[in-house]
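For reference, the structure is listed below as structure tokens.
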Amino acid sequence: MTKKHRQNLMSDNDDFFDRVYSVTRLIPFGKVTSYGAIAAAIGSPGAARMVGWALNKSLSQTPFVPAHRVVNRNGILSGKHYFGGSNTMQELLENEGVKVVDDKIVDFKLIFWDPKSEL
DNA sequence: CGTCTGACGCACG
DNA sequence: GCGTGCGCCAGAC
């Protein structure tokens, strides 16, 4: 199954990355979700690693992709190191009212947003 | 075209 | 509950 073939099946799809960006932009302000949840939402459960990779690329994409709202299944900011080396990711989250302690989101389950709930 | 590499996740011990 | 191993898919070499 080639890339072009998949485009045929998903009419408004460009590629895997754009689907990740689309879902990520749907994350409400002050909410967070996980890589696996996004992967499952775009029809590729198990491709969580691809999501993280796509989000990395998204840092230089437009419009802005709230990649800081995506963490791993434990609520840990596994990608904070890619936001400029400082605590940028944590600051962005706290700026939205999301508490972060020791690189981990407080009450992760309570503010977790499931992408599939919007589909 | 074979291999390696990930911002992951799950099964297993 | 924690460490290890492996599968996952797409892109870079």
Side-chain angles (χ1 to χ4, degrees):
Chain A
M1 165 111 55
T2 65
K3 202 177 284 187
K4 188 140 191 152
H5 202 127
R6 270 187 286 106
Q7 287 181 10
N8 211 6
L9 298 174
M10 305 292 276
S11 54
D12 66 342
N13 168 56
D14 190 10
D15 57 17
F16 182 89
F17 295 78
D18 286 335
R19 283 199 266 174
V20 173
Y21 304 154
S22 297
V23 172
T24 305
R25 292 195 192 96
L26 294 178
I27 305 175
F29 184 93
K31 292 274 189 167
V32 295
T33 192
S34 71
Y35 303 99
I38 293 177
I42 64 178
S44 300
R49 309 181 73 169
M50 302 302 95
V51 175
W53 188 24
L55 288 179
N56 183 310
K57 274 188 59 178
S58 82
L59 294 178
S60 57
Q61 294 292 312
T62 53
F64 174 69
V65 178
H68 59 281
R69 295 183 188 143
V70 185
V71 296
N72 68 10
R73 77 179 197 89
N74 299 309
I76 295 175
L77 281 55
S78 43
K80 62 167 290 187
H81 189 66
Y82 290 78
F83 276 81
S86 192
N87 289 358
T88 307
M89 186 176 184
Q90 176 171 340
E91 289 172 8
L92 285 170
L93 286 169
E94 291 180 332
N95 190 38
E96 300 187 359
V98 178
K99 298 174 189 169
V100 178
V101 176
D102 194 30
D103 294 342
K104 183 179 175 185
I105 294 180
V106 180
D107 293 330
F108 175 59
K109 293 181 71 175
L110 295 181
I111 62 174
F112 178 80
W113 176 80
D114 188 352
K116 290 196 293 279
S117 66
E118 290 292 317
L119 300 179

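Throughout, a chain's letter reflects where its sequence line sits, starting with A, and its residues are numbered from 1. No hydrogens, no waters, no symmetry mates; every other heavy atom, side chains included, goes into these values.
- Between the NZ atom of Lys57(A) and the P atom of dG6(B) there is a distance of 16 Å, rounded to whole Å.
- Scanning both residues, Leu59(A) and Tyr82(A), for their nearest heavy atoms gives CD1-O, 3.3 Å.
- Across all strands shown, dA7(B) remains unpaired; no Watson-Crick or G-U wobble contact has both distances below 3.5 Å.
- One can place CG of Asp103(A) at 13 Å from C1' of dA7(B), the figure rounded to the nearest angstrom.
- Comparing dC8(B), dA7(B), dC9(C) by their closest approach to the side chain of Asn72(A) singles out dC8(B).
- Within 6.0 Å of atom NZ in Lys104(A), 12 or fewer heavy atoms from other residues, nucleotides or ligands are found, so the atom counts as exposed in its surroundings.
- Taking 4.0 angstrom as the limit, Tyr35(A) places none of its side-chain polar atoms (N or O) nearer than this to OP1 or OP2 of dA7(B).
- Base contact: Asn56(A) has a heavy atom under 4.0 Å from a base atom.
- Checking dC12(B) for Watson-Crick or G-U wobble geometry (two distances, each under 3.5 Å) identifies dG3(C) as its partner.
- Looking at Thr33(A), Ile27(A), Ile42(A), Val70(A) one by one, the single match for side chain to side chain contact (heavy atoms under 4.5 Å, CB included) with Pro115(A) turns out to be Thr33(A).
- Here the side chain of Tyr21(A) pairs a donor or acceptor atom with the backbone of Ala54(A) at under 3.5 angstrom.
- Phe16(A) places its CZ atom 15 Å from the P atom of dA7(B), with the value rounded to the nearest Å.
- Rounding to whole angstrom units, CD1 of residue Ile38(A) and C1' of dA7(B) are separated by 11 Å.
- Counting atom types as modelled, Arg49(A) pairs a side-chain N or O with a base atom of dG7(C) as donor and acceptor under 3.5 Å.
- Taking for each of Gly46(A) and Phe17(A) the nucleotide of DNA chain C with the nearest heavy atom, the 5'-most of the two is the partner of Gly46(A).
- Between Ile42(A) atom CD1 and dA10(C) atom C1' the separation is 11 Å, expressed in whole Å.
- Rounded to an integer number of Å, the gap from Gln61(A) CD to dA7(B) C1' is 16 Å.
- Among the atoms of the strands shown, only primed sugar atoms or phosphate atoms (P, OP1, OP2) are found under 4.0 Å from some heavy atom of Arg73(A).
- dG2(B) is paired with dC13(C) under the Watson-Crick or G-U wobble criterion, all donor-acceptor distances under 3.5 Å.
- One interatomic measurement links the two molecules: CG of Leu55(A) to C1' of dC8(B), which rounds to 12 Å at whole-angstrom precision.
- The backbone N or O of Ala67(A) lies less than 3.5 Å from no partner atom in the side chain of Thr24(A), so there is not a single donor-acceptor pair.
- Distances were taken from every side-chain heavy atom of Trp53(A) (C-beta onward) to each of dG11(C), dC9(C), dG9(B); the shortest belongs to dG11(C).
- Counting any heavy atom pair closer than 4.0 Å across all strands shown, Leu59(A) reaches a base atom.
- Among the heavy atoms of the strands, none lies under 4.0 Å from Ala54(A).
- Within the nucleic acid shown, Ser44(A) has no heavy atom closer than 4.0 Å to any nucleic acid atom.
- A donor-acceptor contact shorter than 3.5 Å is absent between the side chain of Asn87(A) and the backbone of Glu91(A).
- Separation of the P atoms belonging to dC13(C) and dA7(B) is 15 Å when rounded to the nearest angstrom.
- Rounded to an integer number of Å, the gap from OH of Tyr82(A) to P of dG6(B) is 7 Å.
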